[in-house]
Amino acid sequence: MVKVAITGGTSGVGFEACKQLCAVAEVTGVVLTSRTSTNAERAIERLRSATGKDGSFFEYVVLDLEDLPSIVTAISAFPKVDRVCLNGSQFGRCKLHPQSMVTDAMASVLGHTVLTDGLVAAGKLNAGARIVHVGGEIARPLWSFTGLLPNF
């Protein structure tokens with residue numbers, strides 16, 4: 001039996017992954033992250049409606065991958081999980097973050113790294129846990145800083 005956590009599970013690829021995981025027999029629960037409780041609760045209601053799963057199947061953790069204090073708070077709120085899908089990020093915003101990196105890189109790279117390291121250090125991953133990092137879209141807007149124009 002497996003409990004899966006997905007960052008950015010309230011929309012897009014993350015939401016679809018949550019929905020599809022509901023049909024996998026070995027999955028006993030899904031933990032999604034969201035920047036706000038309101039978005040998380042709305043997503044869980046949509047998931048319940050779409051999948052017929054009971055509300056107890058779903059949990060959420062408030063997490064803003066661009067905000068280091070939010071990540072630290074989220075780590076302590078995380079339940080123990082067996083799988084983590086690092087998905088949450090923004091696409092194409094590329095604004096300068098106060099940490100001196102673009103917001104896309106902050107969320108997709110540094111935010112996920114801090115989260116992963118924190119989950120490991122806090123013992124939030126069950127024995128044999130697996131972590132998957134999804135998303136190469138971060139590379140597209142970063143090309144604009146190189147002066148090169150890739151062929152999309």
Is it the case that one hydrophobic cluster holds both [X] and [Y], taking links as side-chain heavy atoms less than 4.5 Å apart, direct or via other members?
X    : Y   : answer
F57  : I44 : yes
V120 : V61 : yes
V2   : V24 : yes

Any side-chain heavy-atom pair of [X] and [Y] under 4.5 Å:
X    : Y    : value
V132 : R83  : no
T33  : Y60  : no
L65  : V114 : no
V4   : V31  : no

Measure the spacing between [atom1] of [X] and [atom2] of [Y] and express it to the nearest 0.5 Å.
X    : Y    : atom1 : atom2 : answer
L115 : L68  : CG    : CG    : 11.0 Å
L86  : T116 : CG    : OG1   : 4.5 Å
K19  : I6   : NZ    : CD1   : 12.5 Å
L125 : D82  : CG    : CG    : 9.0 Å
C18  : F58  : SG    : CZ    : 7.5 Å
D67  : T73  : CG    : OG1   : 8.0 Å

Legend entry - Side-chain donor or acceptor of K124 paired with backbone N/O of S76 under 3.5 Å: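 Yes.
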
Legend entry - NZ or CZ of R46 within 45° of F15 ring axis and under 6.0 Å: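 Yes - R46 lies over the ring of F15, closer than 6.0 Å to its centre and within 45° of its axis.
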
Nearest heavy-atom pair of [X] and [Y]: which atoms, and what distance?
X    : Y    : result
A5   : V81  : CB-CG1, 4.0 Å
A122 : I75  : CB-CG2, 3.9 Å
G9   : A43  : O-CB, 4.4 Å
K80  : N126 : CE-OD1, 3.4 Å

Inset, instruction - Could you list the residues that satisfy salt bridge (charged side-chain N to carboxylate O under 4.0 Å, His left out) with E41, not counting sequence neighbours? - result: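 Expected list: none.
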
Inset, instruction - Evaluate the criterion salt bridge (charged side-chain N to carboxylate O under 4.0 Å, His left out) for residue pair E66 and R35; output intermediate values, then yes/no. - result: CA-CA 10 Å; E66 290 182 21; R35 286 185 217 103; 5.6 Å; no

Inset, instruction - Apply the side chain to side chain contact (heavy atoms under 4.5 Å, CB included) test between L32 and each candidate in L63, L47, T7; give the one that qualifies. - result: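 For L32, the side chain to side chain contact (heavy atoms under 4.5 Å, CB included) test succeeds with only one of L63, L47, T7, which is L47.
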
Legend entry - Intermediate values then yes/no, side chain to side chain contact (heavy atoms under 4.5 Å, CB included), F78 and V84: CA-CA 11 Å; F78 248 84; V84 181; 5.5 Å; no

Inset, instruction - Quick one: list whatever passes side-chain hydrogen bond (donor to acceptor under 3.5 Å, both in side chains) with D117, sequence neighbours left out. - result: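 D117 satisfies side-chain hydrogen bond (donor to acceptor under 3.5 Å, both in side chains) with no other residue.
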
Inset, instruction - State which residues pass side-chain hydrogen bond (donor to acceptor under 3.5 Å, both in side chains) with N39; sequence neighbours excluded, sorted by chain then number. - result: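 Here the qualifying residues are T36, R42.
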
